[in-house]
Amino acid sequence: MCGIFGIVAKEGNIAQKLLIIARRLQYRGYDSLGLATYLNGKIDLRKDMGTVESVVESLKLDKMKGNIGIGQLRWSTFGRPSTLNAQPHFDCDKDMVGAHNGNIVSFYQSKENLEKYGHTIISQNDGEICVHAVEEHYDTEKDMVKGIIGGIKEMEGSFAFVCFHKDTPEKIYAVKMGSSLVVGIGEDEHYVASDLPSILPLTNKYVPLNDGEIIELTADSYRIFSAKDGKEIVREPRVTDLSAEDAVKGEYDYFLTKEIHEQVEATEQLAFGLESDILDDLVDKLAEAEMAFLVGCGSSLNACNVGSYYLNNLAGVMSIPVIGGRFFEEFKNYKPSKNTVILCVSQSGETKDIINTINFAKPEGYHILGMINVPGSTVERMSEAYAYIGAGIERSVPATKTYTNQVVLFLILAARIGYKKGIISDKEFVSLKEEIHNLPKLVEKTIKDCNQKAKQLAMELSEIDAMSLLGYGVTHGVALEGALKIREINYISAEAMYSSEFKHGPLSIVEDGYPVIYVVAPKDKYYVTSHLSEVECRDGRPIVIGEHIKGLDKHVKPGDYFEIPKSSQLISPILAVIPLQLLALYMSIERGIDPDYPRNLSKTLTVD
Ligand code: BG6
């Protein structure tokens with residue numbers, strides 16, 4: 001997802017205020033930033049790839065002049081991150097500038113049509129399509145509302161678009177067609193932005209917009225028009241009592257709760273990666289690899305455990321997950337072949353253990369690849385090829401949506417590599433793509449279905465000081481992640497392991513009522529039933545997390561089967577982490593711990 005915004009003021013320069021909004025929209029994407037302002041007949045457009053602060057510094061965005069301006073923060077889906085693909089974009093005559101958020105799924109067809117009408121489209125970014133589509137109709141109508149109504153007809157997709165034209169330099173126009181957009185009412189100035197929290201430092205007066213509505217903003221007025229027939233719509237402004245900081249949490253008590261719920265939108269964003277060219281480099285380099293070390297720490301390491309299952313089983317890429325801090329010690333005398341890769345998985349892209357790995361491995365001839373969340377991070381800059389997980393900014397120290405998006409990206413990479421190598425048939429690839437596109441709905445359903453039960457179980461487990469979590473095959477990494485979540489924010493011993501290992505020693509901990517959580521994928525009933533019975537017959541308390549598996553429910557007490565929606569062997573582990581995230585959250589709240597900022601921890605450890 002991206003973030004768009006604009007300000008029109010009676011007088012003065014609005015660049016600094018545009019950047020206030022931009023900095024609060026960073027969670028929506030930050031691989032590029034651009035601003036366009038207008039002064040004395042000239043549009044000043046400055047944009048580049050990079051984080052907000054790096055682009056502000058390099059292009060002096062805060063020094064831009066003019067009392068009207070728009071901007072966009074980008075998280076790339078169509079067109080890899082580049083200056084050319086950054087937004088806003090000019091129209092052909094450079095007398096209009098615009099930016100969008102969302103996806104123009106008719107990108108290729110619309111581009112072809114507009115080029116037939118004589119437009120020159122210079123980027124691979126779908127936002128530029130919006131500008132030329134509006135230009136096409138404005139040039140005949142000489143009316144921006146009509147231009148936008150006509151332009152919308154040239155495109156298919158879910159988006160929001162903001163623009164202004166030299167002919168009417170006192171007006172900003174925008175349209176909401178599926179992506180979020182809100183109007184802010186200031187003193188002698190008006191705002192438009194992708195969300196309400198981003199404009200709260202400037203005003204608490206706002207006008208909500210609905211899909212299919214166009215707005216025309218001046219410094220002291222706003223008008224709303226139907227995008228269907230141009231009829232004007234009257235809507236009174238509202239006042240929010242949300243503070244700027246609270247608003248970032250929205251209706252949630254904790255960032256952790258918010259980010260668990262944001263997994264719906266975050267996984268939706270990634271599904272576009274299935275077709276997008278921005279994964280091509282990573283797919284090619286992993287497909288050629290003779291050996292892939294998947295290196296990560298914390299939750300990222302747990303994602304590597306699930307990722308290695310996908311790569312080994314779907315893509316024929318020999319993959320081994322390795323602890324970030326262990327790699328350069330363990331393999332210091334290993335001589336890599338010419339096609340040995342290290343995929344560095346790090347949401348921050350700054351974890352020192354990972355940077356140490358790269359500093360050791362690069363001179364040894366390893367190919368360094370990156371899977372990151374923060375554009376412009378050190379791991380990105382040290383990688384030969386990389387991909388963003390597109391989870392948006394994660395504020396809570398315990399990882400949730402970044403872990404889930406890492407796992408989903410591993411599945412997308414494995415599917416594309418497996419298909420490219422002919423290991424996965426056309427039919428299997430189509431079916432996997434459908435499952436991945438359908439995943440956000442299942443994530444949403446899992447959160448809804450498991451929320452109450454997680455609260456209930458959290459209360460029952462509020463006094464315990466030890467528990468075990470077991471996974472088998474594809475769910476081993478999920479058990480590791482669930483145990484880490486519980487440990488991080490409950491300060492209790494929650495150990496996780498491969499379920500076949502439990503009987504080789506750790507089983508001795510089991511006594512009456514000792515909780516052992518089994519994370520089960522649909523096809524692993526046989527082994528898990530055996531492993532689960534070893535606990536059941538010693539009066540332990542087996543708790544199962546997984547879709548309904550006939551007969552397995554006989555081995556647990558009623559209420560100790562956490563059913564998740566039916567999916568598949570590969571999708572089920574992605575859903576299964578959600579009840580564990582919710583359980584860890586509610587246990588933490590029961591214990592009076594702030595789950596966002598647990599003691600002793602830090603979101604990113606840039607120390608050895
Ligand atoms: C730890 C965080 O410090 O670093 C974990 O507390 C995180 O939540 C781990 O998973 C790895 O961080 P990153 O940024 O490399 O994924």
Side-chain angles (χ1 to χ4, degrees), residues 26-27 30-31 51 254-260 262-263 266 270 293-308 321-328 342-361 368-383 386-410 477-491 494 496 577 580-581 584-585 588 593-608:
Q26 283 185 87
Y27 73 96
Y30 30 78
D31 61 45
T51 58
Y254 300 102
F255 285 120
L256 186 59
T257 320
K258 179 170 185 267
E259 288 153 9
I260 289 171
E262 281 178 343
Q263 290 177 122
L270 261 191
F293 292 102
L294 313 180
V295 178
C297 302
S299 296
S300 298
L301 173 64
N302 298 335
C304 291
N305 271 277
V306 185
S308 71
V322 182
I323 298 170
R326 177 182 179 195
F327 186 87
F328 46 88
I342 296 179
L343 175 56
C344 297
V345 180
S346 171
Q347 85 84 17
S348 64
E350 301 300 342
T351 295
K352 185 72 169 39
D353 295 346
I354 304 297
I355 311 296
N356 291 345
T357 299
I358 300 173
N359 287 330
F360 157 74
I368 304 299
L369 308 178
M371 183 191 284
I372 50 200
N373 191 38
V374 179
S377 53
T378 306
V379 171
E380 172 188 312
R381 284 181 279 110
M382 297 175 88
S383 300
Y386 60 84
Y388 296 139
I389 62 170
I393 287 190
E394 187 173 67
R395 288 180 171 81
S396 185
V397 168
T400 47
K401 61 177 184 172
T402 55
Y403 159 84
T404 292
N405 269 33
Q406 288 165 341
V407 173
V408 175
L409 185 50
F410 267 119
V478 185
L480 292 170
E481 175 57 10
L484 177 60
K485 287 284 106 23
I486 291 169
R487 282 198 303 270
E488 278 177 312
I489 58 180
N490 287 283
Y491 313 155
V577 78
L580 291 165
Q581 293 169 339
L585 166 70
S588 179
I593 295 168
D594 177 348
D596 286 336
Y597 307 106
R599 70 187 182 199
N600 310 340
L601 304 184
S602 150
K603 186 65 187 166
T604 303
L605 284 167
T606 54
V607 294
D608 289 318

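Counting convention: from 1, in listed order, for ligands and their atoms alike.
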_Below the 3.5 angstrom mark, is there an N/O of V397, backbone or side chain, next to an N/O of ligand 1?_
yes
_Please determine whether side-chain contact (heavy atoms from CB on, under 4.5 Å) holds for the pair Y403 and V306, giving the CA-CA distance in whole Å, both sets of side-chain angles, and the decisive distance to 0.1 Å._
CA-CA 10 Å; Y403 159 84; V306 185; 3.8 Å; yes
*Drop me the distance from E394's CD to S299's OG, to the nearest 0.5 angstrom.*
8.0 Å
_Under 3.5 Å between any N/O of T351 and any N/O of ligand 1: does that happen in this structure?_
yes
*Which ligand 1 atoms, with their elements, are less than 4.0 angstrom from a heavy-atom of S299?*
10 (O)
*Can you name the residues that form a salt bridge (charged side-chain N to carboxylate O under 4.0 Å, His left out) with E259, not counting sequence neighbours?*
none
*Would you mind listing which atoms of ligand 1 come within a distance below 4.0 Å of any non-hydrogen atom of C297?*
9 (C), 10 (O), 11 (C)
*Below 4.0 angstrom from a heavy atom of S300, which ligand 1 atoms are there? Numbered from 1 as shown, please.*
10 (O), 13 (P), 16 (O)
*Quick one: look at E488 and ligand 1, take heavy-atom pairs under 4.0 Å, and tell me if it's side chain, backbone, both or neither.*
side chain
*Could you tell me which residues satisfy ring pair (Phe, Tyr, Trp, His ring centres under 6.0 Å) with Y386, sequence neighbours excluded, listed by chain and number?*
Y388
_Straight-line distance of E262 CD to T404 OG1, nearest 0.5 Å_ = 12.0 Å
